[in-house]
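Heads up, the thing below is written out as structure tokens.
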Amino acid sequence: MARVVGLTGDEVAAEAIRQINPDVIAAYPITPQTEIVQRLSQFVADGLISAEMVRVESEHSAMSACVGASASGARAMTATSANGLALMWEIVYIAASLRLPIVMPVVNRALSGPINIHCDHSDSMGARDSGWIQLYSENCQEIYDNLIQAVVIAENKEVLLPVMVTLDGFVLSHAMERVEILEDEEVKNFVGEYKNPHSLLDLNNPVTYGPLDLYDYYFEHKRQQVEAMEKALRVIQGVGKQFAKISGRSYGLIEEYRLEDAELVVIALGSTAGTIKEAVDELREEGVKAGLLKIRCFRPFPGREINEALKKVEAVAILDRSASFGAEGGPVFLEVRSSLFEKTERIPIINYIYGLGGRDIKVEEIKGVYQTLQRIARTKRVEKRVDYLGVRE
Amino acid sequence: MPSLKSLSQKKELLSGGHRLCPGCGASIIVRQVLSAVESPVVVCCSTGCLEVATTIYPFTAWKIPWIHSAFENAASTLSGVETAYRALKKKGKIKEEIKFIAFGGDGGTYDIGIQALSGVMERGHNLLYICYDNEAYMNTGIQRSSATPRGAATTTSPVGKAIPIGKERERKDMVEIMVAHNSPYVAQASPAYYNDLIKKVQKALSIEGPTFINIISPCPRGWRYDPSQSIQIAKLAVTTGFWPLYEVENGKYKITYRSRKRVPLIEWFKSQGRFRHLLKEENKKIVEELQRRVDEKERILLARAGEKI
């Protein structure tokens, strides 16, 4: 039986971690992730969680300790944001290449500099090639659901890759929402026991982790990582369906919102998807065939699913909450446009960079995007490939 | 203390055939350390000579569980391993008593890894951290570190017309830094005194909490001497007073070996090519100054240990 509670994004992330009850948590506080670490510390102090908690002196050590713990057969978790993710960068890659199923909430925050504590996706988008699976959350319920599923996805034998579950800093991390929480026992059964078949602590089968890997083998190991990422697509979908059985909430790689007959589509990820749904509903009332394609899973990238979902579309706008300096657009735009390249009929696509450093995005601005899409659909012309929402030019 | 004979009969946990240089101090130190361990042990290495030369995929020289993740995080990686051990033991998933040892070079310990090591010391993990100190970044080709002694030539502290002495700054006192962390056991050792070294390892492992041993690791390539001389050099480091053998147990200092005859520091400089320039007339003053520093340091150490000069 689920119980309904009001929790902020950080609080619900901590609650999910409490129920997952990992063996080891190693974390370092950083705004806006701090609440997660504080609550977990309180859970430990109150004896509500049996995990060993390592209060490390930096995020670099947080990820390093998770690597050591996960290699030793423990279920290991951490959480971070922006500069913290940047500091642990080197070990983020190592965790993935050692195929350690570490799960980490990333509370999206703008990377310095200038220093800023508010939401954008520059942190996790920068890590898109690190070999981590990335699940983006639209609201507090999804943070909770994604975290629980992430454990099962990461530890799947076909996958064995770490997973980032992202949540928008402040927009979700500090916003209280209605969340359905499963029973502890249900979560416990769903995530099961973690068993590392190559545990460092298996004295009878001593293993060497992290050897020097040169030009004669490194490439094959990277190829295997690519393969694992590809296999993860199916596993993520499967876990999403399994999760529906205990929660009633089903998850795929993408979410299609009023897309079946949509002519004008906005693609986005994270909490902005909720704002877009509001705009879509209002426009539908006005007779505009507007729709939303929300990308839940950005790594691995669900190119096939996006292609299929955009069959009868006339114009598409892609919203990026991070800039890719010197590139031909934001990271989501580049990825989506590339995967649509094979289509026989070219869809006009426009890219919007928005919300950097926590700049708010409003329903009216999104309706403006759909207006532009109407014009593009009519004229079949994209005047400005990459544009900016809500910036003073 | 086991005899040399009984030690030689112990199973080697670091197999031969690895790619460390002939005369490398690191492998001698590892073998001495592992011969001291009486229970199962898990080892973590920082990036460095020891790591790259012993684990070239698909080979490994380690017959025990071993992990490496990066240069600066041997301490924090092993702290994760040790925490996992405690967590799994609490849940009854592991029964055995396991010891945990990290090996870092001076680069991974004094410099890039000092933050992670400091964190581990403060948090009180139950592990032994060993620094094999060869006084420069040897793996990348002899660049100076904060462990490089004043007057040593390295590729990034070379001798030149403007700077005739090589490295101008004193080396960092890592042992004191560890003592300042209130570690229950901190020691300094040399592979030339294997009985002293083994005793220290056994003591460190018998004590609950984070312990640290700094071990001088002669490097024929970086220090410029014949590989057959490594142990002699490791001995000279002690007899000249450059590398005193001592331990600090719960803040209490003890000199564990005192050479009957103190050899002048100039002999230490004569033994290695990295100090060759110090033998020139123009650097005489520096040599005298360095001798005074060693004498002064010894006086401080003896006073701390409550021993007579």
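Just so it is clear, the structure is predicted and the values come from calculations on it, not from any experiment. Every chain is numbered from 1, with letters handed out A, B, ... down the list of sequences.
- Looking at B/D111 and B/R144, no side-chain N of the basic residue comes within less than 4.0 Å of a carboxylate O on the acidic one, giving no salt bridge.
- Of all the listed residues (B/E72, B/H125, B/K63), the one sharing the greatest number of non-hydrogen pairs under 4.5 Å with chain A is B/E72.
- Under a 4.0 Å N-O distance rule, the pair A/R39/A/E35 does not qualify as a salt bridge.
- Residues A/R18 and A/D184 are paired through a salt bridge, judged by an N-O separation under 4.0 Å between the basic side chain and the carboxylate.
- Put simply, of B/C44, B/P58, B/A74, B/S118, the one with the most heavy-atom pairs under 4.5 Å next to chain A is B/P58.
- Only the side chain of A/L214 comes within contact range of chain B, with at least one heavy atom under 4.5 Å from a heavy atom of that chain.
- Between the side chains of B/Y110 and B/D133, a donor-acceptor pair is found at a separation under 3.5 Å.
- For A/K188, the NZ atom counts as loosely surrounded, since its 6.0 Å shell holds 12 or fewer non-hydrogen atoms of other residues, nucleotides or ligands.
- Here the side chains of B/E249 and B/P184 are not in contact, with every heavy-atom distance at 4.5 Å or above.
- Looking at A/R223 and A/E220, no side-chain N of the basic residue comes within less than 4.0 Å of a carboxylate O on the acidic one, giving no salt bridge.
- Salt bridge A/D129/A/R299: present, at least one basic N to carboxylate O contact under 4.0 Å.
- At a heavy-atom cut-off of under 4.5 Å, chain B is reached by A/S50, A/E52, A/V54, A/R55, A/V56, A/E57, A/S58, A/H60, A/S61 from residues 45-63 of chain A, listed in order of number.
- Between B/F71 and B/Y137, the two ring planes are perpendicular [angle over 60°; tilted spans 30° to 60°].
- Among the candidates B/P40, B/S69, B/A75, B/C45, the residue making the largest number of heavy-atom pairs closer than 4.5 Å to chain A is B/S69.
- Ranking A/V67, A/L98, A/L201 against chain B, the residue ahead of the rest is A/L201, based on heavy-atom pairs under 4.5 Å.
- For a residue to count as touching a neighbouring chain, one of its non-hydrogen atoms must lie under 4.5 Å from one of that chain's; by this rule A/A26 does not touch chain B.
- Taking CE of B/M178 as the reference point, atom OG1 of B/T109 lies at 9.0 Å (rounded to 0.5 Å).
- Taking a cutoff of 4.0 Å between a charged side-chain nitrogen and a carboxylate oxygen, A/E155 and A/R75 qualify as a salt bridge.
- In this structure, CZ on B/R19 lies 14.0 Å from OG on B/S27, to the nearest 0.5 angstrom.
- When the shell of 6.0 Å around CZ of B/R86 is examined, it contains more than 12 heavy atoms from other residues, nucleotides or ligands.
- For B/V42, the part lying under 4.5 angstrom from a heavy atom of chain A is the side chain only.
- Contacts with chain B were tallied for A/G73, A/S97, A/S64, A/P206; A/S64 has the most, counting heavy-atom pairs under 4.5 Å.
- Using a 4.5 Å cut-off between non-hydrogen atoms, the part of residues 91-101 of chain B that approaches chain A consists of B/K91, B/K93, B/I94, B/E96, B/I98, B/F100.
- Between chain B and the residues A/S72, A/A95, A/A74, the largest count of heavy-atom pairs under 4.5 Å involves A/S72.
- Aromatic ring pairs are classed by plane angle as parallel below 30°, tilted from 30° to 60° and perpendicular above 60°; the pair A/W89 and A/Y93 is tilted.
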